[in-house]
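What follows is a single structure, written as C-alpha coordinates, with notes after it.
Since the model is a prediction, treat every value here as computed from it, not as a measurement.
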Amino acid sequence: MALVEELHFGRAAERVGISQPSLSEQIRRLEYELGVILFERTSRRVSMTESGQLLATNLPAALTQLERVIEAVRAQARGGWEM
(Lines give C-alpha, C1' and ligand atoms only; values in the text may rest on other atoms or scores of the structure.)
Protein backbone atom coordinates (compact mmCIF):
# COMPACT_ATOMS: atom_id res chain seq x y z
CA MET A 1 0.00 0.00 0.00
CA ALA A 2 2.92 2.34 0.64
CA LEU A 3 3.99 2.00 -3.00
CA VAL A 4 0.42 2.65 -4.16
CA GLU A 5 0.36 5.85 -2.12
CA GLU A 6 3.89 7.03 -2.91
CA LEU A 7 4.29 5.75 -6.50
CA HIS A 8 8.02 5.86 -5.77
CA PHE A 9 9.99 2.79 -4.73
CA GLY A 10 12.58 4.69 -2.68
CA ARG A 11 10.06 6.71 -0.65
CA ALA A 12 7.77 3.71 -0.17
CA ALA A 13 10.66 1.55 1.04
CA GLU A 14 11.81 4.25 3.45
CA ARG A 15 8.27 4.63 4.75
CA VAL A 16 7.98 0.93 5.62
CA GLY A 17 11.54 0.66 6.87
CA ILE A 18 13.07 -1.66 4.28
CA SER A 19 15.58 -1.21 1.48
CA GLN A 20 14.43 -0.23 -1.99
CA PRO A 21 15.82 -3.42 -3.57
CA SER A 22 13.93 -5.49 -1.00
CA LEU A 23 10.66 -3.70 -1.79
CA SER A 24 11.26 -4.12 -5.52
CA GLU A 25 11.82 -7.85 -5.04
CA GLN A 26 8.67 -8.20 -2.92
CA ILE A 27 6.60 -6.45 -5.59
CA ARG A 28 8.11 -8.63 -8.33
CA ARG A 29 7.26 -11.76 -6.31
CA LEU A 30 3.70 -10.56 -5.74
CA GLU A 31 3.28 -9.84 -9.44
CA TYR A 32 4.66 -13.28 -10.26
CA GLU A 33 2.33 -15.01 -7.79
CA LEU A 34 -0.69 -13.11 -9.09
CA GLY A 35 0.36 -13.51 -12.71
CA VAL A 36 -0.19 -9.82 -13.46
CA ILE A 37 1.83 -6.63 -13.67
CA LEU A 38 0.70 -4.21 -10.95
CA PHE A 39 3.06 -1.31 -11.64
CA GLU A 40 4.49 0.14 -14.83
CA ARG A 41 8.06 1.22 -14.19
CA THR A 42 10.22 3.61 -16.15
CA SER A 43 13.44 5.31 -15.14
CA ARG A 44 11.43 8.44 -14.36
CA ARG A 45 8.16 7.25 -12.85
CA VAL A 46 6.01 4.47 -11.44
CA SER A 47 2.33 4.14 -12.28
CA MET A 48 -0.29 1.54 -11.52
CA THR A 49 -1.78 -0.73 -14.15
CA GLU A 50 -5.51 -1.41 -14.20
CA SER A 51 -4.80 -4.62 -12.29
CA GLY A 52 -2.80 -2.64 -9.74
CA GLN A 53 -5.64 -0.15 -9.35
CA LEU A 54 -8.14 -2.96 -8.84
CA LEU A 55 -5.94 -4.54 -6.17
CA ALA A 56 -5.31 -1.21 -4.45
CA THR A 57 -9.03 -0.43 -4.37
CA ASN A 58 -9.95 -3.76 -2.78
CA LEU A 59 -6.91 -4.45 -0.61
CA PRO A 60 -7.78 -2.29 2.43
CA ALA A 61 -11.13 -4.06 2.94
CA ALA A 62 -9.50 -7.45 2.37
CA LEU A 63 -6.79 -6.70 4.94
CA THR A 64 -9.38 -5.55 7.46
CA GLN A 65 -11.34 -8.77 6.95
CA LEU A 66 -8.15 -10.81 7.28
CA GLU A 67 -7.37 -9.11 10.59
CA ARG A 68 -10.88 -9.97 11.84
CA VAL A 69 -10.49 -13.60 10.83
CA ILE A 70 -7.09 -13.83 12.53
CA GLU A 71 -8.54 -12.37 15.73
CA ALA A 72 -11.47 -14.81 15.57
CA VAL A 73 -9.10 -17.73 15.13
CA ARG A 74 -7.01 -16.57 18.09
CA ALA A 75 -10.14 -16.07 20.22
CA GLN A 76 -11.38 -19.53 19.29
CA ALA A 77 -8.01 -21.03 20.24
CA ARG A 78 -8.32 -19.33 23.64
CA GLY A 79 -11.77 -20.86 24.03
CA GLY A 80 -13.95 -17.86 23.26
CA TRP A 81 -14.96 -17.78 19.61
CA GLU A 82 -16.35 -14.53 18.26
CA MET A 83 -16.49 -12.91 14.83
Whether the side chain of Glu5 engages the backbone of Ala12 through a donor-acceptor N/O pair (distance < 3.5 Å, no angle test) should be reported. no
Hydrophobic cluster membership, Met48 vs Leu34, 4.5 Å side-chain cutoff: yes
Check: Leu23 and Gln20 side chains under 4.5 Å, non-hydrogen atoms: no
Between Arg74 and Glu71, is the closest basic N to carboxylate O distance under 4.0 Å? yes
So do Ile18 and Gln26 actually touch side chain to side chain, heavy atoms under 4.5 Å? yes
Look up atom CE in Met1 and atom CZ in Arg15, then write down how far apart they are to the nearest 0.5 Å. 8.5 Å
Less than 4.0 Å between a side-chain N and a carboxylate O, is that true for Glu31 and Arg28? no
So, are Arg29 and Glu25 salt-bridged, with charged N and O less than 4.0 Å apart? yes
Flag yes if more than 12 heavy atoms outside Glu14 fall under 6.0 Å of its CD atom; otherwise flag no. no
Gln53 and Thr57: side chain donor to acceptor below 3.5 Å: no
dist Leu38:CG -> Leu3:CG (nearest 0.5 Å) comes out at 9.0 Å
Minimum heavy-atom separation for Ile37 to Thr49, with atom names? O-OG1, 2.6 Å
Quick check: does any side chain N or O of Ser51 sit under 3.5 Å from a backbone N or O of Val36, one acting as donor and the other as acceptor? no
Cluster question for you: counting only ILVMFWY and a side-chain heavy-atom cut-off of under 4.5 Å, with indirect links fine, are Val16 and Ile27 together? yes
Does Arg45 reach the side chain of Leu7, with side-chain heavy atoms less than 4.5 Å apart? no
